[in-house]
2 protein chains.
Amino acid sequence: MKYLHYMSGSTMPPTRALDGLLALSALMTTDIQRFEREHGLTTARVHLLWQLGAAGPSTQRDLAEALRVTPRNVTGLVDGLVGSGHVTREPHPGDRRATQVTLTAAGSRFVTELQRSHQDLADRLFGDLPEDRLVAFVAVLDETLERFAGLMGETGEQEGTAS
Amino acid sequence: MKYLHYMSGSTMPPTRALDGLLALSALMTTDIQRFEREHGLTTARVHLLWQLGAAGPSTQRDLAEALRVTPRNVTGLVDGLVGSGHVTREPHPGDRRATQVTLTAAGSRFVTELQRSHQDLADRLFGDLPEDRLVAFVAVLDETLERFAGLMGETGEQEGTAS
DNA sequence: TATTGTTATACTCTATAACTATA
DNA sequence: TATAGTTATAGAGTATAACAATA
């Protein structure tokens, strides 16, 4: 996420909202990536681990769809994660074409730690805000997310709305 | 930006704020990248163009520092942008070791269009919000950005706060 | 001696296309 | 014939290290 450069210094509220949002999100992303690198993992691989934690053991095909990435790409990511001991690759019971990817104990532990670090970051950033302001903030986020879905619908692009 | 997967479904306000923020920012990033690809450019190259638009003609050394990237990396990005006609590479007047990178007319035009598309997106997303809610939203963003800078100070990391 | 940018090398993420094994 | 995953190939972004030209 390299969008800090979009800080345009404009004073129009909508533009300031967008700039602030991108800037804050860039800083959070940096923080999250620091955590990832401390564990010797890349964002793409962590994404796969996260998905695996949410969906349970999956075929590479399923992972490719969930991650919106080619099957070939998943092969590489799983290769790396098998090497680092975060997942196992086993024959799929019931379909001998497919392989089943499963979190190891270390993989599960990482996902749990990531969740905790995520919550911790949220608390550090938003934990001190008065409840009513935080609720109003979340409301704007939610409404804007919906508006975005609407805009994408108009434009024809539907991707990215789910999950 | 592949952080949609951090949507944890938690109902705690701080976590919901962080999730919503990352999700919205991911959608905006997708939109911005669509614009970039329509122009046959990548995020890294656009970042360089943007920097060049903000700082004016620069040496590759300056660009490397501004983009927080190695000089070698800048060589590659500039190579591509010279090839696509967005920048020129000329001998630096006064330091024969250095080269000066400058936006072409096409490069400037792109930066202007990017700015406009940026503003347009902001208006589509936030333009309909009542002024007071938008101001409150921006206030939370600003305070959180400051809090983040403070946290980074504690942790020792200072990067990313500027610009 | 220090700095600017390059060549050399390498790793990761990403994609398409062709191919194998299985359904 | 269609699907799951692989090998082959390619391109972009990123990094370090060694080196040439200049300061």
Review point. CG of A:D79 versus C1' of C:dC13: gap in Å, rounded?
Key: 13 Å

Point to revise | Between P of D:dA12 and NE2 of B:H47, the distance in whole Å | key: 19 Å

Point to revise | Rounded distance in Å - CD (B:Q100) to C1' (C:dG5) | key: 15 Å

Check your understanding: Considering only heavy atoms and no angle criterion, is a donor-acceptor pair shorter than 3.5 Å present between the side chain of A:R97 and the base of D:dT3?
Key -> yes

Review point. Mapping B:T99 and A:R96 to their closest nucleotides on DNA chain C, which lands nearer the 5' end?
Key: B:T99

**Study point:** Electrostatic pair B:D31-B:R34, nearest N-O below 4.0 angstrom
**Key:** yes

Revision key, fill the gap. Rounded to whole Å, the CZ-P distance (B:R61 to C:dA2) equals 14 Å

Check your understanding: Between atom CG in B:D62 and atom P in C:dG5, what is the gap in whole Å?
Key -> 8 Å

Practice item. Starting from P on D:dG13, measure out to CZ on B:R37 and report it in whole angstrom. Key: 11 Å

Practice item. Please check the phosphate of D:dT14 (OP1 and OP2 only) for any side-chain N or O of B:T70 closer than 4.0 Å. Key: no

Practice item. Please examine the side chains of B:F148 and B:T144, heavy atoms only from C-beta on, and report whether any two atoms are closer than 4.5 Å. Key: no

Review point. Between A:D95 (CG) and C:dA23 (P), how many Å, whole number?
Key: 6 Å

Review point. What is the distance, rounded to the nearest whole Å, between atom CD of A:E36 and atom P of C:dC13?
Key: 11 Å

Check your understanding: Is the phosphate of D:dT6, meaning OP1 or OP2, less than 4.0 Å from a side-chain N or O of A:Q60?
Key -> yes

Check your understanding: Of all the choices, D:dT22, C:dT4, D:dA15, which nucleotide is nearest to the side chain of B:A98 once you look at every atom?
Key -> C:dT4

Check your understanding: Taking atom types as modelled and ignoring hydrogens, do the side chains of B:T43 and B:Q33 form a donor-acceptor contact shorter than 3.5 angstrom?
Key -> yes

Check your understanding: Would you say a side-chain N or O of B:R89 is under 4.0 Å from OP1 or OP2 of C:dT6?
Key -> yes

Review point. So, B:Q100 and B:T59: side-chain donor and acceptor under 3.5 Å apart, yes or no?
Key: no

Practice item. With DNA chain C as reference, determine whether B:P71 or A:T42 sits nearer its 5' end, using the nearest nucleotide of each. Key: B:P71

Exercise for review: Report yes if a side-chain nitrogen or oxygen of B:R45 is closer than 4.0 Å to either non-bridging phosphate oxygen (OP1 or OP2) of D:dG11; otherwise report no.
Suggested key: no

Check your understanding: What residue among B:H118, B:R116, B:R124 forms side-chain hydrogen bond (donor to acceptor under 3.5 Å, both in side chains) with B:D120?
Key -> B:R124

**Study point:** First encountered from the 5' end of DNA chain D, between B:R72 and B:L77
**Key:** B:L77

Point to revise | N/O (side chain, B:N73) to phosphate O (OP1/OP2, D:dA15) under 4.0 Å | key: yes

